[in-house]
Each structure stands twice: as C-alpha cells, then as structure tokens.
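Whatever order the structure lists them in is the order used to number ligands and atoms, beginning at 1. Just so you know, these numbers use all the heavy atoms, side chains as well, and skip hydrogens, waters and symmetry mates.
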Amino acid sequence: MSDDAALIEAGERLFRRPFAFRRGLADLADLPPSDRLEIAFAGRSNVGKSSLINALTGVRGLARTSNTPGRTQELNIFESETAPLRIIDMPGYGYAKAPKPMVDRWNALVRTYLQGRQALARVFVLIDARHGIKANDAEILTMLDKAAVSYQVVLTKRDKIGPKAAETVETETLKALSRRPAAFPLLVSTSSEKGDGIGQLRAAIVQLMSERGLSA
Ligand code: GTP
Ligand code: MG
C-alpha cells in the first residue's frame with residue numbers, strides 16, 4: 001500500500017471512533033488543559049467550518065450549521081474518549097452585519113486562543129472557493145505567520161463552482177500561500193456536502209498526530 005493510501009485508511013479508522021460535543025466556551029479560562037493534540041477550524045462566517053467538522057467526524061449535526069452567518073458564537077470543543085485529539089469549532093469572522101460587541105468578543109477570544117494555545121497543533125483555515133483569500137482572511141494568515149502557528153488552508157464549497165473556476169482559485173491560492181512561512185500545502189477539493197476531500201483532510205490529521213508521536 002502506498003503511504004498516501006495508508007494515511008487515508010488510518011484517517012478513516014481514526015474518525016470511525018465516536019466524536020462528541022464536550023463543551024462550548026466563551027472564556028479562555030474555561031479551556032481544558034493542554035492534554036491532547038488540538039486542531040482548530042477557523043474562517044469567515046458561513047464558510048462551512050461546522051459542516052466540515054460534521055463531514056470529518058461523520059456525525060451529522062455534531063456541530064451546528066446554519067444558513068445564517070454567525071451561527072457558531074463560542075469555541076465549541078469535540079472529543080473522542082478513545083483518541084488523543086481535540087477539535088475546536090470557532091466562531092466565524094467577517095460577518096458584515098455583526099454587531100460591534102460580537103466583533104470585539106470574537107477578536108478577544110479567537111485571537112488570544114490562536115496565538116497562545118500550547119496544545120494547538122494546526123489551524124485549518126477555511127476559504128470559500130467561490131471567493132478566494134479576502135482581506136480579512138489574509139489578516140488572520142498574517143497573524144498566524146507572525147505567531148508561528150502552523151496552518152493549512154482548505155477550500156470549501158467546491159461543489160458550487162465549475163472545474164475551470166476551481167482551477168483558477170487553486171492556482172491563485174497556492175501562489176498566495178507560497179509566500180507565507182507557516183502555511184502547509186493547500187487542501188483542495190473539499191465539499192462537505194459531497195464528502196470530497198474529506199479523506200485527504202483526515203490523512204493530514206493522522207500525519208500531524210504521528211509527527212507528534214501520537215498514534216491515531
Ligand atoms: P459560522 O458558524 O456562522 O461561522 O458558519 P460556519 O463556517 O460554521 O458555516 P456552516 O458549516 O454553518 O455552513 C454555512 C452554510 O453553508 C450551511 O447552509 C451549509 O449547509 C453550507 N455549506 C457548508 N459547506 C458546504 C459545501 O461544501 N457545499 C455546499 N454547497 N454548501 C455548504
Ligand atoms: Mg459554525
């Protein structure tokens with residue numbers, strides 16, 4: 001079996017374990033201890049973070065999704081009793097109609113978490129394939145670069161565009177990421193609706209765990 005196929009299979013095994021909601025928190029003081037490898041999903045509001053977590057874990061409705069931007073307002077934590085992994089669903093940024101107190105809260109919570117969390121092994125930054133990297137996405141990527149927090153961009157909602165547009169956005173995103181020191185290779189072809197690209201995402205997580213000496 002090739003290394004890639006082995007990773008994909010290990011990823012499937014990992015996410016066959018039951019993942020459940022552990023808690024939502026609005027205050028970083030409530031974070032659990034840094035006792036397992038943590039991955040976080042960040043991105044603009046409505047980009048598909050919660051949907052991707054559902055597709056990843058194979059648990060429909062695990063993370064709440066909505067057509068209305070601003071659905072996720074806390075850091076929501078998902079864990080499995082039998083895997084040394086913690087998944088964090090983050091509130092989205094860039095929601096134009098968000099009231100200022102919400103934006104301030106987002107900034108305080110998310111920025112502090114992203115820059116200062118010891119257990120945080122990688123941030124998956126989701127970018128809508130229809131729009132590519134926008135100014136507020138670039139701001140987050142720059143913050144992660146400066147804090148030397150490793151991140152990996154995932155293009156979402158690929159099912160909403162044609163193959164030509166997909167190719168263009170992939171090329172442009174790759175070009176933009178090549179200048180960024182903390183960026184890992186782009187993960188493409190993700191559609192939470194169709195399940196495309198989920199195997200690659202799972203494989204990336206298994207690889208990350210094995211780099212940290214954790215068996216998936
Ligand atoms: P906030 O919590 O508000 O920041 O949003 P979010 O990033 O968690 O987005 P969410 O997962 O709630 O998805 C927003 C909307 O996009 C929902 O209506 C999803 O069904 C839809 N959606 C998410 N991923 C995809 C995808 O890959 N393809 C399509 N067609 N729709 C998607
Ligand atoms: Mg959400």
Side-chain angles (χ1 to χ4, degrees), residues 15 19-26 38-79 86-114 122-141 143-144 151-167 169-170 173 186-202 204:
F15 287 101
F19 276 79
F21 175 68
R22 174 157 173 198
R23 65 179 305 183
L25 51 95
E38 220 160 271
I39 54 172
F41 290 79
R44 287 156 67 85
S45 200
N46 211 44
V47 69
K49 299 174 290 297
S50 301
S51 303
L52 189 58
I53 289 172
N54 292 340
L56 180 69
T57 57
V59 187
R60 194 178 275 270
L62 179 66
R64 288 206 198 123
T65 65
S66 165
N67 245 327
T68 317
R71 168 73 247 191
T72 309
Q73 300 221 355
E74 299 189 314
L75 293 186
N76 286 323
I77 301 179
F78 303 94
E79 288 176 3
R86 176 178 294 135
I87 299 171
I88 311 267
D89 188 12
M90 311 194 80
Y93 51 83
Y95 169 36
K97 288 192 201 134
K100 187 164 182 305
M102 189 169 146
V103 176
D104 290 348
R105 206 156 40 111
W106 187 91
N107 276 323
L109 186 68
V110 171
R111 286 177 182 264
T112 315
Y113 168 76
L114 287 177
R122 186 163 302 166
V123 185
F124 291 95
V125 182
L126 277 52
I127 303 286
D128 192 320
R130 293 169 300 178
H131 310 308
I133 297 175
K134 295 282 194 188
N136 46 11
D137 297 316
E139 212 180 288
I140 295 296
L141 301 184
M143 184 195 82
L144 294 171
Y151 61 88
Q152 191 153 18
V153 166
V154 183
L155 291 174
T156 64
K157 304 195 183 185
R158 274 280 305 274
D159 54 303
K160 292 204 175 215
I161 55 172
K164 201 144 187 157
E167 210 181 298
V169 74
E170 277 166 29
T173 309
L186 174 68
L187 278 171
V188 293
S189 252
T190 302
S191 161
S192 303
E193 305 287 288
K194 294 186 177 164
D196 302 340
I198 301 300
Q200 273 75 23
L201 177 60
R202 287 178 177 157

So which protein heavy atom does [atom] come closest to, and at what separation?
atom	answer
atom 29 (C) of ligand 1	Glu193 CG, 3.1 Å
atom 3 (O) of ligand 1	Gly70 N, 2.8 Å
atom 7 (O) of ligand 1	Lys49 NZ, 2.7 Å
atom 16 (O) of ligand 1	Lys157 NZ, 3.0 Å
atom 12 (O) of ligand 1	Ser66 N, 3.0 Å
atom 1 (P) of ligand 1	Asn46 N, 3.7 Å
atom 27 (O) of ligand 1	Ser192 N, 2.9 Å

Quick check: does any side chain N or O of [X] sit under 3.5 Å from a backbone N or O of [Y], one acting as donor and the other as acceptor?
X	Y	value
Lys49	Arg44	yes
Ser50	Ala63	no
Thr65	Ser51	no
Asn54	Leu62	yes

Could you tell me, atom by atom, which parts of ligand 1 come under 4.0 Å of a heavy atom of [X]?
X	result
Asn67	18 (O)
Gly92	4 (O)
Gly48	6 (P), 7 (O), 9 (O), 10 (P), 11 (O), 13 (O), 23 (C)

Just wondering, is there an N, O or S atom on Ser50 that's nearer than 2.8 Å to the Mg ion (ligand 2)? yes
For the Mg ion (ligand 2), does an N/O/S atom of Ser51 lie at less than 2.8 Å? no
One should read off an interatomic distance between Ile127 CD1 and His131 NE2, to the nearest 0.5 angstrom, of 11.0 Å
Just verifying a value: how many Å separate Ile133 CD1 and Leu155 CG, rounded to the nearest 0.5 Å? 8.0 Å
Any atom of ligand 1 sitting under 4.0 Å from a heavy atom of Thr156? no
Pro69 near ligand 1, heavy-atom distance under 4.0 Å? yes
I want to confirm something. Looking only at heavy atoms, which of Ser51, Gly197, Ala42 is nearest to atom 23 (C) of ligand 1? Ser51
Kindly indicate whether the side chain of [X], heavy atoms from C-beta on, has any atom under 4.5 Å from the side chain of [Y].
X	Y	result
Leu187	Phe124	yes
Leu25	Ile77	yes
Phe41	Leu56	yes

Residue-level breakdown please: for Thr72 versus ligand 1, do any non-hydrogen atoms fall below 4.0 Å on the side chain, on the backbone, on both, or on neither? both
Below the 3.5 angstrom mark, is there an N/O of [X], backbone or side chain, next to an N/O of ligand 1?
X	value
Val47	yes
Ser50	yes
Arg158	no
Asp159	yes
Thr68	no

Please determine whether the number of non-hydrogen atoms from other residues, nucleotides or ligands lying under 6.0 Å from atom CZ of Arg64 exceeds 12. no
So, applying side-chain contact (heavy atoms from CB on, under 4.5 Å) with Val153, which one of Leu141, Leu126, Val123, Asp137 is it? Leu141
I need the minimum non-hydrogen distance between Thr173 and Val169, along with the two atoms involved. OG1-O, 2.5 Å
Residue from Tyr95, Tyr113, Tyr93 passing ring pair (Phe, Tyr, Trp, His ring centres under 6.0 Å) with Trp106: Tyr93
